Trainee: 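Right, I'll just put the structure down here and ask away after.
In this chain, residues are counted from 1 in sequence order. Quantities reported herein were computed from a predicted structural model and do not represent experimental measurements.
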Amino acid sequence: MSSNLDPAVSARLKRGPDGLFPAIAQQYDTGEVLMLGWMDDEALHRTLTTGRCTYWSRSRQEYWVKGDTSGHVQHVKSVALDCDADTVLVKVDQVGAACHTGDRTCFDADVLPVSTSDVDPVSE
């Protein structure tokens, strides 16, 4: 699929075989990790130019703008590539829930237990 994404940015991106890369949404002022979505070049272009997060739905095979149906909008504050250029971090101002379940974040419902007995507090 063709995209209007800046060719210099597009050339740097590393994508999976499906042309997608992960996009982590983080609350810009608290650092809270909200969700992970998938983008391609066009979704990133739309995110950068509209100020609203656009993702690619792997199940529906279509673009979706966060909040268009739920009202739980993500207003983009900044977008950054990671050091390998295979993931983007989108800092947003989240309105309402980020998770499709209605939770604030996708990462608060199923916290796994972690053993800390072998952790060396000096090396942390």
Trainee: Which atom pair, heavy atoms only, marks the closest approach of Leu36 to Pro22?
Mentor: CD1-CB, 3.9 Å

Trainee: Go through the steps for Trp64 and Tyr55 under the test ring-ring contact (aromatic ring centres under 6.0 Å, His included), then give the verdict.
Mentor: CA-CA 5 Å; Trp64 58 281; Tyr55 299 99; 5.0 Å; yes

Trainee: What pair of heavy atoms forms the shortest contact from Met39 to Val88, and how long is it?
Mentor: SD-CG2, 4.1 Å

Trainee: Test of understanding: clusters of I, L, V, M, F, W, Y form through side-chain heavy atoms closer than 4.5 Å, transitively. Do Leu89 and Phe107 belong to the same one?
Mentor: yes

Trainee: Restricting to non-hydrogen atoms, name the atom on Ala98 and the atom on Leu34 that form the minimum distance, rounded to 0.1 Å.
Mentor: CB-CB, 3.7 Å

Trainee: Do you reckon Trp56 sits in the same ILVMFWY cluster as Leu48, going by side-chain contacts under 4.5 Å, direct or chained?
Mentor: no

Trainee: Side-chain contact, heavy-atom cut-off 4.5 Å: Val76 with Val90?
Mentor: yes

Trainee: Once you round to the nearest 0.5 Å, how far does CG of Asp82 lie from CD1 of Ile24?
Mentor: 8.0 Å

Trainee: So, taking the atom named CZ in Phe21 and the one named CG in Asp84, what distance separates them when rounded to the nearest 0.5 Å?
Mentor: 14.0 Å

Trainee: For the CZ atom of Arg46 and the CG atom of Asp41, what is their distance to the nearest 0.5 Å?
Mentor: 12.0 Å

Trainee: Any heavy-atom pair between the side chains of Val9 and His45 that's under 4.5 Å?
Mentor: no

Trainee: Going by atom types only, do Asp93 and Gln27 share a side-chain donor-acceptor pair under 3.5 Å?
Mentor: yes

Trainee: Is there a donor-acceptor contact under 3.5 Å from the side chain of Asp103 to the main chain of Cys106?
Mentor: no

Trainee: Indicate the atoms forming the closest heavy-atom contact of Ser3 with Glu42, along with that distance.
Mentor: OG-OE1, 3.1 Å

Trainee: Could you report the tightest heavy-atom contact between Arg15 and Ser10, atom names first, then the distance?
Mentor: NH2-O, 2.7 Å

Trainee: I need the Glu32 CD to Asp108 CG distance, nearest 0.5 Å.
Mentor: 7.5 Å

Trainee: Considering all heavy atoms of both residues, which atom of His72 and which atom of Gln94 are nearest to each other, and what is their separation?
Mentor: O-NE2, 3.3 Å

Trainee: Please test Lys77 against Asp29 for side-chain contact (heavy atoms from CB on, under 4.5 Å), starting from the C-alpha separation and ending with a verdict.
Mentor: CA-CA 10 Å; Lys77 298 294 188 178; Asp29 55 353; over 6 Å; no

Trainee: So do Leu13 and Leu5 actually touch side chain to side chain, heavy atoms under 4.5 Å?
Mentor: yes

Trainee: In Å, rounded to the nearest 0.5 Å, how long is the span from CH2 of Trp38 to CG of Asp18?
Mentor: 7.0 Å

Trainee: When rounded to the nearest 0.5 angstrom, what is the spacing between NZ in Lys66 and OG1 in Thr54?
Mentor: 12.5 Å

Trainee: Taking Gly31's backbone N and O only, do any of them form a donor-acceptor pair with Gln26's side chain (distance below 3.5 Å, no angle check)?
Mentor: yes

Trainee: Is the shortest side-chain heavy-atom distance between Leu44 and Val79 below 4.5 Å?
Mentor: yes

Trainee: For Gly96, is there any backbone N or O sitting under 3.5 Å from a side-chain donor or acceptor partner on Arg104?
Mentor: yes

